[in-house]
Amino acid sequence: MNLFLQAAIEIAREAGSILRAGYDRPKEIEYKGEVDLITDSDRRSEELVVSRLRERFPDHAIVAEEGSRQETANAKYCWHVDPLDGTTNFAHGYPCFCVSLGLLQDGEPIVGAVLNPVYDELFTAALGEGAYLNNRPIRVSTVPALSQSLVATGFPTHHRKKSANINYYWEFTLRSHGVRRDGAAALDLCAVACGRFDGFWEFGLKSWDTAAGTILVREAGGVVTDIDGQPYRPGGRVLIASNARIHEEMREIVARVSEQVAKA
Ligand code: IPD
Ligand code: CA
Ligand code: CA
């Protein structure tokens, strides 16, 4: 197996144990913003992941959500780490959260490991080596049209009033079997990779939310682009992921609603 992926899996499992233990205990919750939560488990998980990555890959760069950085001059490789994606779910006892580790080589996602420690679901992928759920190969769905699809989205926890996503949500609701909002972007992308969702879109996601999920969707046969249909790069403003078959329909809706929102 790819050595970077092997490391990501081992570290995700260790971090997953921290999250699992924290999930069963009373949580220390603080606010980073109006509804942007952080718990002691976010911090503990990040400390573990970042220290393990530093030990193993001293010449790799690291960007992690809660502020840890390792900057190395002209680093070819950079890890993007969400130590706990789905903090709001975690804090409320809703078992949809994960640790997500994605590795970029010269800006392109090449390795991803995402673990939901409650369901013990480990999603993994490496460039050219396929995508897996608990070591079994996964593929995106074969749903041919948006009208027969189940799609997902998410809403930001900061600058909430500036988000126009409710307009897109409405349009996708009318054009699909339904839209889900599950609260953990990394897992939403994994759900596209294994065919539970046929598509997913969101605005303003950060590189740590999407680095791992992007390689998972692509290796499972799906597509992840921006609003123009160009390959999505982690940290880009708009992310549209799908099983490929419904991609153009999704992209057209996002582009059309964006025009309407801009005129309004
Ligand atoms: C959030 C989740 C959520 C998405 C937000 C993210 P966090 O990450 O992924 O699904 O809608 O945009 O910020 O704060 O739980 O790591
Ligand atoms: Ca997080
Ligand atoms: Ca996140």
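In listed order, ligands and their atoms are each counted from 1. The first residue of the sequence shown is numbered 1, and numbering continues consecutively from there.
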Asn135 CG: over 12 foreign heavy atoms closer than 6.0 Å: no

Do the side chain of Ser68 and the main chain of Ala64 share a donor and acceptor less than 3.5 angstrom apart? no

Could you list the donor-acceptor pairs under 3.5 angstrom formed by side chains in residues 228-236, with sequence neighbours left out?
unit_1 : atom_1 : unit_2 : atom_2 : d
Tyr232 : OH     : Thr210 : OG1    : 2.8
Tyr232 : OH     : Gly235 : N      : 3.0
Arg233 : NH1    : Glu108 : OE2    : 3.0

For Glu14, I'd like to know if atom CD has over 12 heavy atoms of other residues, nucleotides or ligands within 6.0 Å. yes

Keeping waters out of it, list the protein N, O or S atoms under 3.0 Å from the Ca ion (ligand 2). Glu65 OE1, Asp82 OD1, Leu84 O

Output, in order, the C-alpha distance, side-chain angles, deciding distance and verdict of salt bridge (charged side-chain N to carboxylate O under 4.0 Å, His left out) for Arg251 and Glu248. CA-CA 5 Å; Arg251 206 192 59 72; Glu248 196 45 30; 2.9 Å; yes

What heavy-atom pair brings His60 and Trp79 nearest, and what distance separates the two atoms? ND1-NE1, 2.9 Å

Please check if the number of heavy atoms outside Lys206 that lie under 6.0 Å from its NZ is greater than 12. no

Can you confirm whether more than 12 heavy atoms, excluding those of Leu174, are under 6.0 Å from its CG atom? yes

Is there any protein N/O under 3.5 Å from an N/O of ligand 1, and what does the full list of such pairs look like?
unit_1   : atom_1 : unit_2 : atom_2 : d
ligand 1 : 8 (O)  : Asp85  : OD1    : 3.1
ligand 1 : 9 (O)  : Asp85  : OD1    : 2.7
ligand 1 : 9 (O)  : Ala185 : N      : 2.9
ligand 1 : 10 (O) : Arg181 : NH1    : 3.4
ligand 1 : 10 (O) : Gly183 : O      : 3.2
ligand 1 : 10 (O) : Ala184 : N      : 3.0
ligand 1 : 10 (O) : Ala185 : N      : 3.4
ligand 1 : 11 (O) : Phe155 : N      : 3.4
ligand 1 : 11 (O) : Phe155 : O      : 3.2
ligand 1 : 11 (O) : Arg181 : NH1    : 3.4
ligand 1 : 11 (O) : Glu202 : OE1    : 3.3
ligand 1 : 11 (O) : Glu202 : OE2    : 2.8
ligand 1 : 12 (O) : Glu202 : OE2    : 2.7
ligand 1 : 15 (O) : Gly86  : N      : 2.7
ligand 1 : 15 (O) : Thr87  : N      : 2.9
ligand 1 : 16 (O) : Glu65  : OE1    : 3.2
ligand 1 : 16 (O) : Asp82  : OD2    : 3.2
ligand 1 : 16 (O) : Leu84  : O      : 3.3
ligand 1 : 16 (O) : Asp85  : OD1    : 3.3

Exercise answer: donor-acceptor pairs, residues 256-264 side-chain atoms, under 3.5 Å, sequence neighbours excluded:
unit_1 : atom_1 : unit_2 : atom_2 : d
Ser258 : OG     : Tyr168 : OH     : 2.8
Ser258 : OG     : Val254 : O      : 2.7

